[in-house]
> 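Dropping the structure in here first, questions after.
Positions are given from 1, in the same order as the sequence printed here. Values below: all heavy atoms of this structure, side chains included; hydrogens, waters and symmetry mates excluded. Both ligands and their constituent atoms are indexed starting at 1 by order of listing.
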Amino acid sequence: MTIAPDADTTSAPVPTQSTYQNRVAEYWNAEENPVNLELGKIDDLYHHHYGIGDADRTVLDEPDPERRRKRITTELHRLEHAQAELLADRLGPLSPADRVFDAGCGRGGGSVVAHLRHGCHADGVTISAKQAAFANERARERGIDDHVRYHHRNMLDTGFETGAYAASWNNESTMYVELDLLFAEHARLLRRGGRYVVITGCYNDTYGRASREVSLINAHYICDIHPRSEYFRAMARNRLVPAHVQDLTAEAIPYWELRRQADHLVTGIEDTFLTAYKNGSFQYLLIAADRV
Ligand code: SAH
């Protein structure tokens with residue numbers, strides 16, 4: 001590189017949304033996997049995350065093929081809903097006057113669960129315009145659109161009011177962004193003493209670098225799974241102090257074992273998740289932190 005004293009220092013214009021973020025938005029605008037839509041139709045709660053807890057495997061023994069599909073779909077939805085409830089539990093105590101921020105909200109299920117649980121106001125943010133429109137439509141149908149709103153925005157730069165939120169979370173959406181930028185925005189939005197919760201897959205530092213399975217998951221979703229240690233480092237740098245850490249890996253396995261047998265719902269990534277969880281290279285983690 002040559003440094004000339006009179007070099008032209010005009011910098012290139014920075015796009016409001018990076019090429020990578022455009023790709024992520026395109027992915028979620030086009031996404032119509034039955035595992036996301038069929039489960040949501042059951043009770044209009046659309047979750048785009050995985051499930052936890054023991055699965056009722058007797059649904060696999062159902063002899064009637066149509067009924068079998070339905071029972072498997074319902075059971076997977078129950079497990080996904082249990083995950084959303086676990087997260088909502090960790091946000092509290094909240095009052096109906098409080099606001100919460102759902103970062104990377106997908107088709108909106110998490111904000112509805114939080115509102116139904118705590119009566120609070122919720123702002124969900126997704127980089128997919130289609131998801132935000134879909135989620136707002138569901139909130140209108142449910143008659144809660146005065147409390148629960150979805151926005152087509154970047155969660156790293158929401159433009160929302162500083163210190164206005166009592167709680168915030170990421171449910172399986174941290175692997176799309178740089179954690180320092182994300183946690184800085186949460187720290188800005190949360191009031192002092194506010195609660196931040198994340199549920200995420202992360203790779204296990206004890207194993208070493210990202211395993212082959214973790215790399216396959218990254219390619220499948222166009223994401224970049226962070227190592228476990230990075231969550232704690234980035235939180236510490238951004239006024240977020242962990243109050244509760246829970247390894248959900250063992251509790252996530254029954255969901256994947258059932259899902260891999262759901263021929264009408266599989267996306268092809270099921271065995272990769274199971275191998276990654278079982279060989280110790282990948283963990284499913286909940287961290288609840290206080291904004292200090
Ligand atoms: N939390 C939701 C959806 C998880 S899927 C749920 O539990 O159901 C991941 C989500 O992250 C998608 O909605 C995607 O649009 C969103 N996302 C990824 N990068 C984002 C960004 N930079 N800003 C806002 N949302 C983003």
> When only distance counts, is Y176 in polar contact with ligand 1, meaning an N/O pair under 3.5 Å?
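Such a contact does not occur with ligand 1.
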
> Backbone, side chain, both or neither: what part of C105 comes under 4.0 angstrom of ligand 1, heavy atoms only?
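Just the backbone.
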
> Quick one: which ligand 1 atoms are inside 4.0 Å of a heavy atom on G106?
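Within the 4.0 Å cut-off of G106, ligand 1 contributes 2 (C), 3 (C), 13 (O).
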
> Write out the residue and atom name of the closest protein heavy atom to atom 15 (O) of ligand 1, then the distance separating them to 0.1 Å.
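In this structure, atom 15 (O) of ligand 1 has T126 OG1, 2.9 Å as its nearest protein heavy atom.
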
> At less than 4.0 angstrom from any non-hydrogen atom of H47, what atoms of ligand 1 do you find?
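Per the distance check, 8 (O).
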
> Taking the six-membered ring for Trp, are the ring centroids of Y176 and Y20 within less than 6.0 Å of each other?
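That pair fails the under 6.0 Å test.
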
> Backbone or side chain, does any N or O of E172 fall under 3.5 Å from an N or O of ligand 1?
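No; every N/O pair is 3.5 Å or more apart.
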
> For ligand 1, which atoms have a heavy atom of N171 less than 4.0 angstrom away?
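Within the 4.0 Å cut-off of N171, ligand 1 contributes 1 (N), 2 (C), 4 (C), 7 (O).
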
> Ignoring hydrogens and angles, state whether a donor on the side chain of H264 or T73 is under 3.5 Å from an acceptor on the partner side chain.
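Their side chains do contain a donor-acceptor pair, which is all the 3.5 Å distance test asks for.
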
> What I want to check is whether the side chains of D43 and H77 have a donor and an acceptor closer together than 3.5 Å.
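Per modelled atom types, D43 and H77 side chains form a pair under 3.5 Å.
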
> Under 3.5 Å, is there a donor-acceptor pair between the D180 and N238 side chains?
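Distance-only check passes for D180 and N238.
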
> Among all protein non-hydrogen atoms, which one is nearest to atom 22 (N) of ligand 1, and what is the separation to 0.1 Å?
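For atom 22 (N) of ligand 1, the nearest protein heavy atom comes out as N154 OD1, 3.1 Å.
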
> Let me check something: do V125 and I144 share a hydrophobic cluster, defined by ILVMFWY side-chain heavy atoms less than 4.5 Å apart, either directly or through other members?
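Different clusters: V125 never reaches I144 through Ile, Leu, Val, Met, Phe, Trp or Tyr contacts under 4.5 Å.
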
> Can you tell which part of L156 has a heavy atom less than 4.0 Å from ligand 1: side chain, backbone, both or neither?
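Neither part.
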
> Under 3.5 Å between any N/O of Y46 and any N/O of ligand 1: does that happen in this structure?
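No - when backbone and side-chain N and O of Y46 are compared with those of ligand 1, no distance drops under 3.5 Å.
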
> Do R107 and E31 sit within salt-bridge range, that is, some charged N less than 4.0 Å from a carboxylate O?
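E31 and R107: salt-bridged.
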
> Return yes or no for this condition: an N or O of Q21 is under 3.5 Å from an N or O of ligand 1.
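Among all N and O atoms of Q21, none is under 3.5 Å from an N or O of ligand 1.
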
> Looking at non-hydrogen atoms alone, which of L87, I127, N36 comes nearest to atom 24 (C) of ligand 1?
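Result: the heavy atom closest to atom 24 (C) of ligand 1 is in I127.
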
> Which of these, R107, E80, Q17, H48, has its nearest heavy atom closest to atom 6 (C) of ligand 1?
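Looking at heavy atoms only, H48 sits closest to atom 6 (C) of ligand 1.
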
> Establish, from distance only, whether the side-chain atoms of S229 and D205 form a donor-acceptor pair under 3.5 Å.
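Checked: S229/D205 side chains pair up, N/O donor to acceptor below 3.5 Å.
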
> Suppose we measure from atom 14 (C) of ligand 1 to each protein heavy atom; which comes out shortest, and what is that distance?
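The closest one turns out to be W28 CD1, 3.5 Å.
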
> Between D64 and R71, is there a side-chain N and carboxylate O pair less than 4.0 Å apart?
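Answer for the salt bridge query: no.
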
> Would you mind running through ligand 1 and noting each atom that sits below 4.0 Å from a heavy atom of R153?
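Those of ligand 1 that fall under 4.0 Å from R153 are 23 (N), 24 (C).
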
> Tell me which part of M155 gets within contact of ligand 1: side chain, backbone, both or neither, using heavy atoms under 4.0 Å.
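Near ligand 1, M155 shows its backbone as well as its side chain.
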
> Looking just at side-chain N and O atoms, do E230 and Y203 make a donor-acceptor pair shorter than 3.5 Å?
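No - no donor-acceptor pair under 3.5 Å links their side chains.
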
> Any side-chain heavy atom of H47 within less than 4.5 Å of one from Q83?
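No. Closest side-chain heavy atoms not under 4.5 Å.
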
> Output yes when E178 and R237 qualify as a salt bridge under the 4.0 Å nitrogen-oxygen rule, no when they do not.
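The answer is no: the pair does not qualify as a salt bridge.
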
> Indicate the ring-plane relationship of H121 and H147, choosing parallel, tilted or perpendicular according to the 30° and 60° boundaries.
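Judged by the thresholds at 30° and 60°, the geometry between H121 and H147 is parallel.
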
> Quick one: does ligand 1 sit under 4.0 Å from the side chain of V24, the backbone, both or neither, non-hydrogen atoms only?
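Within the 4.0 Å criterion, V24 contacts ligand 1 through side-chain atoms alone.
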
> Does R138 make a cation-pi contact with F134 (under 6.0 Å, within 45 degrees of the axis)?
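Cation-pi check for R138 and F134: passes.
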
> For ligand 1, which atoms, with element, lie under 4.0 Å from some heavy atom of H49?
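In order of number, 6 (C), 7 (O), 8 (O).
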
> Should you measure from each heavy atom of V177, which atoms of ligand 1 turn up under 4.0 Å away?
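Answer, ordered by atom number: 22 (N).
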
> Tell me which one of A103, S173, G104, A129 gets a heavy atom nearest to atom 1 (N) of ligand 1.
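Result: the heavy atom closest to atom 1 (N) of ligand 1 is in G104.
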
> Atom 12 (C) of ligand 1: which protein heavy atom is closest, and how many Å away?
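Checked against all protein heavy atoms, atom 12 (C) of ligand 1 sits closest to Q131 OE1, 3.6 Å.
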
